[in-house]
Amino acid sequence: MIISGKDLAKRIKSDIAAQVPGLTEKYGRAPHLVVILVGEDPGSVSYVTGKARDCEEVGFKNTTLRYPDTISEEELLDVVRQLNDDDDVDGVLVQLPLPKHISEAKVIETIAKEKDVDGFHPLNVAALWQKQPCLLPCTPKGIIRMLDEAGVDIEGKNAVVIGRSNIVGLPVSKLLLDRNATVTITHSRTRNLGDVTSKADILVVAIGRPKFVTADMVGEGAAVIDVGVNRDPETGKLCGDVDYEACKDKASVITPVPGGVGPMTRACLMENTLECYLNKFANK
Ligand code: GUN
């Protein structure tokens, strides 16, 4: 079975869209997400364009601020601080990666915790690991939703995550752990990786290498979640971290690339923006 992130994302977004007119009337304005893009990396441009499209679809106000990669760290931090102070802004997202002369850590910690729709602020990360209320990072949140949607039971299962990034590997491991999976975090230097991954009931792959996971690394009946977005070096087409054609018959459920995790990340971003807006107006 293929888990269509696209279809599930569409449903999540139409649920949000249905609420926006009533909320706008009640609180005097629609939710507002500001996305900052530094430079012109084609991957980042495409992510940011997708986010803007989703905002339009659900009826949010969206502002995309674009800066050349010559912007200084201090100038960028000032932009973020101004957005923090702006009462008409609910969510602030700085697209990563940033140019080397700008500290991503500094930028992330400057975003107000209440507007941190990515869930990357150290206080949000700490809250997640301490089981406190927090904004959940979008990709991990989307992955759990997809597993639930596909009817994959997480409790007691053997989950293996390939990748240990702050954006995906670590937080998705924590969310799986919170659902009572037994979680193994692996990476490019894990010895005998295939022996570990082939025993997984749930395999989440976020390593950023085209077709890294081959059929022999997937156990019969596993649920396979592919977070990769890469270019196939042979065809130039978009492809995941999993060799989809080779693995799809072994997996019980599998996510495609494109149309899998990507749309779900953006749907969860819309949810997080709504959450920030409601925290400001409704829940205070
Ligand atoms: N770059 C790749 N993924 C992400 C993400 O989820 N958020 C941000 N801000 N940048 C990214």
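When a ligand or atom number is given, it counts from 1 through the structure's own listing order. On a predicted model such as this, the values are computed, not experimentally measured, just so you know. For the single chain, residues carry numbers from 1 onward in sequence order.
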**Item:** Ionic contact status for Glu149 with Arg11, cut-off 4.0 Å
**Value:** yes
**Request:** Considering only non-hydrogen protein atoms, determine which one is nearest to atom 11 (C) of ligand 1 and report residue, atom name and distance to 0.1 Å.
**Result:** Gln95 NE2, 3.4 Å
**Message:** I need the nearest protein heavy-atom contact for atom 1 (N) of ligand 1: residue, atom name and distance, please.
**Reply:** Leu96 O, 2.9 Å
**Asked** So does Lys10 pair up with Asp7, basic N to acidic O under 4.0 Å?
**Response** no
**Results of side-chain contact (heavy atoms from CB on, under 4.5 Å) for Pro140 - residues two or more places apart only** = Pro137, Pro171, Val172, Leu175
**Prompt:** Looking at Thr182, Ile185, Ile154, Val183, which hits side-chain contact (heavy atoms from CB on, under 4.5 Å) with Leu177?
**Reply:** Val183
**Prompt:** Would you say Thr139 contacts ligand 1, with heavy atoms under 4.0 Å as the rule?
**Reply:** no
**Message:** List ligand 1 atoms under 4.0 Å from Leu93, heavy atoms only on the residue side.
**Reply:** 9 (N)
**Request:** Just jot down the ligand 1 atoms closer than 4.0 angstrom to any heavy atom of Val94, in number order.
**Result:** 8 (C), 9 (N)
**Prompt:** Would you say Ser252's side chain and Gly221's backbone share a donor-acceptor pair under 3.5 angstrom?
**Reply:** yes
**Prompt:** How far is atom 8 (C) of ligand 1 from its nearest protein heavy atom, and which residue and atom name does that atom have?
**Reply:** Asp118 OD2, 3.4 Å
